[in-house]
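Step one of this worksheet: look at the structure below.
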Amino acid sequence: ADAWVNLLNLTSMLADSESDVSEILHIDNVLWMLAFNNVLVNLSSYSGRYSQNYALAIDRFGKFHPVLWNLNYAFGSYKNTGVGSDLDLKGLQTMDPMLHKDNRNKPLISALLSNPLYRNIYLHHMRTILADHFSDEQYEIRAAALQELIAASFAEDPYQPYSDEEFATSLEKTIGERSRIPGIVQLMSRRARFLSKHPLLTVVPPEFDKVDVKRRKQYARDRITDFTITASVSSFPRRVFLYYRPSPDQPFQMVQMMDDGLNEDGAANDQVYGITIDPEGAFERIEYFILAENAASANFYPARYRQTPASVSLSELN
């Protein structure tokens with residue numbers, strides 16, 4: 001019963017533009033899911049016609065997280081966005097990175113992308129996926145290795161729906177008489193090129209020139225008892241946020257970093273942002289990452305903030 005109440009609450013908050021849906025939804029995880037679905041043309045998902053093949057799991061802190069599953073129709077194997085007819089190959093290659101941004105029937109997309117900060121983070125995630133996996137030929141090399149790994153088992157499968165020739169050419173050519181499944185390289189080489197040149201994805205993001213944590217000066221009597229973090233940011237930053245947590249089993253908390261000359265950030269408006277986290281004796285170490293946004297883009301420090309956030313302890317600072 002509580003799960004249904006929580007889900008109804010989430011639905012209501014998504015429909016109310018004044019609500020802070022981040023209270024009950026892990027926004028960043030959802031934005032990663034949406035970026036993944038769009039870049040990889042995974043339309044047998046929330047981003048496609050039936051809004052399917054994902055789940056929402058609620059954690060012990062009361063926040064929903066998306067869970068992806070059933071990815072066998074990714075890379076354009078299923079072609080319907082829910083708007084109009086199935087996309088042809090060119091339509092798959094050039095699918096709008098802002099697909100469904102105004103579709104109220106998909107509030108996880110339209111409600112979140114109507115928020116400028118969330119929109120910029122979503123576009124950042126798309127750029128990251130492209131840079132990490134499709135900017136060179138690594139994905140093609142990996143796909144070929146997986147194809148070779150399963151080749152013998154495929155040949156022995158009496159129920160295989162495709163011929164040996166179709167299997168052999170499936171990376172480079174469209175296969176299947178009815179389903180018309182595009183080759184992964186055939187699809188993604190042009191899709192990656194299209195997205196990398198898209199105006200929304202070519203905006204210069206904020207750059208982190210230096211990130212520092214205040215340390216005890218040599219021979220100073222007073223010990224450091226809090227975490228004062230500064231970030232020098234270029235490329236027209238508009239807002240900078242620090243996310244921190246005392247331990248990996250805790251959720252990150254977000255606070256805005258300031259460039260007002262009052263937070264050990266140097267002079268006001270010098271593009272150096274600062275914030276002090278006072279643990280009040282409750283914890284000795286934090287993990288953290290920083291988000292910076294400008295008018296049309298966003299960036300994170302460190303780049304792999306999800307896998308390896310920065311960390312620091314009071315003992316290190318002293």
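Worth saying up front: this structure is predicted, and the values here are computed from it rather than measured. Numbers here are sequence positions counted from 1.
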Fit a plane to each ring of Y305 and F289, take the angle between them on a 0 to 90° scale, and name the class: parallel (under 30°), tilted (30 to 60°) or perpendicular (over 60°).
tilted
Cut-off 3.5 Å, side chains only: do S234 and D209 have a donor facing an acceptor?
yes
Using side-chain heavy atoms (C-beta onward) and a distance below 4.5 Å, is S170 in contact with Q147?
yes
Given side chains that start at C-beta, do those of L43 and F75 come closer than 4.5 Å, heavy atoms only?
no
Any non-hydrogen side-chain atom of P97 less than 4.5 Å from a side-chain atom of L195?
yes
What are the two closest non-hydrogen atoms of S85 and N80, and how far apart are they?
C-ND2, 3.9 Å
Do R306 and D28 meet the salt-bridge criterion of a basic N to acidic O distance under 4.0 Å?
yes
Out of R216, R285, K214, which one pairs with E316 under the salt bridge (Lys or Arg N to Asp or Glu O under 4.0 Å) rule?
R285
Test side-chain hydrogen bond (donor to acceptor under 3.5 Å, both in side chains) applied to R127 and S297, step by step
CA-CA 10 Å; R127 286 195 302 271; S297 191; 2.8 Å; yes
Consider only side-chain heavy atoms of I, L, V, M, F, W and Y, link residues closer than 4.5 Å, and tell whether I24 and V67 are in one cluster.
no
So does D222 have more than 12 non-hydrogen atoms from other groups sitting under 6.0 Å from CG?
no
Working to the nearest 0.5 angstrom, can you tell me the gap between N9 CG and L25 CG?
11.0 Å
Reported OH-to-CD distance for the pair Y243 and Q253, which is rounded to 0.5 angstrom
12.5 Å
Is the backbone of V240 close enough, under 3.5 Å, to the side chain of Q256 for a donor and an acceptor to pair up by distance?
no
Mind listing the closest non-hydrogen atom pair of R104 and S110 along with its distance?
CA-OG, 3.8 Å
Indicate yes or no: at least one non-hydrogen side-chain atom of E207 is less than 4.5 angstrom from one of N299.
yes
State plainly whether the residues D259 and R239 are in salt-bridge range, i.e. N to O under 4.0 Å.
no
Over 60° means perpendicular and under 30° means parallel, so tell me whether Y73 and Y78 are parallel, tilted or perpendicular.
perpendicular
Looking at OG1 of T228 and CD1 of I277, how far apart are the two atoms once the value is rounded to the nearest 0.5 Å?
9.0 Å
With a 4.5 Å cut-off on side-chain heavy atoms, are Y122 and N38 touching?
yes
Do Y273 and I290 have side chains that approach each other closer than 4.5 Å (heavy atoms only, starting at C-beta)?
no
Where do I286 and I229 come nearest, in terms of heavy atoms and distance?
CD1-CD1, 4.1 Å
Would you please test S45 and Q52 for side-chain hydrogen bond (donor to acceptor under 3.5 Å, both in side chains) and show each step?
CA-CA 5 Å; S45 70; Q52 62 185 5; over 6 Å; no
Would you say K101 has more than 12 foreign heavy atoms packed within less than 6.0 Å of its NZ?
no
Would you say that more than 12 heavy atoms from the other residues, nucleotides or ligands in this model lie under 6.0 Å from the CZ of F283, or not?
yes
Heavy atoms only: give me the nearest F300-F208 pair and the separation to one decimal.
C-CE1, 3.5 Å
What do you reckon, is CD of Q307 surrounded by more than 12 foreign heavy atoms closer than 6.0 Å?
yes
Without hydrogens or angle criteria, can the side chains of S232 and Q271 be said to hold a donor-acceptor pair below 3.5 Å?
no
Parallel, tilted or perpendicular: which describes the rings of F154 and F167, with under 30° parallel and over 60° perpendicular?
parallel
Is there a path of hydrophobic side-chain contacts, each under 4.5 Å between heavy atoms of I/L/V/M/F/W/Y residues, joining I27 to L123?
yes
Is it the case that one hydrophobic cluster holds both L7 and V30, taking links as side-chain heavy atoms less than 4.5 Å apart, direct or via other members?
yes
Testing the 3.5 Å rule here: is there a donor-acceptor pair between the side chains of E264 and T276?
no
Give a yes-or-no answer on whether the side chains of K106 and S51 include a donor-acceptor pair shorter than 3.5 Å.
yes
Mind checking whether L89 and Q186 have side chains closer than 4.5 Å, heavy atoms only?
yes
Which heavy atom of I121 sits nearest to which heavy atom of A298, and what is that distance?
N-CB, 4.1 Å
Show the nearest heavy-atom pair for residues G261 and D265, with the distance to one decimal.
N-OD2, 2.9 Å
Does any N or O in the side chain of D59 come within less than 3.5 Å of the main-chain N or O of F64, such that one atom is a donor and the other an acceptor?
no
Please tell me if the side chains of M98 and R119 come closer than 4.5 Å, counting only heavy atoms from C-beta onward.
yes
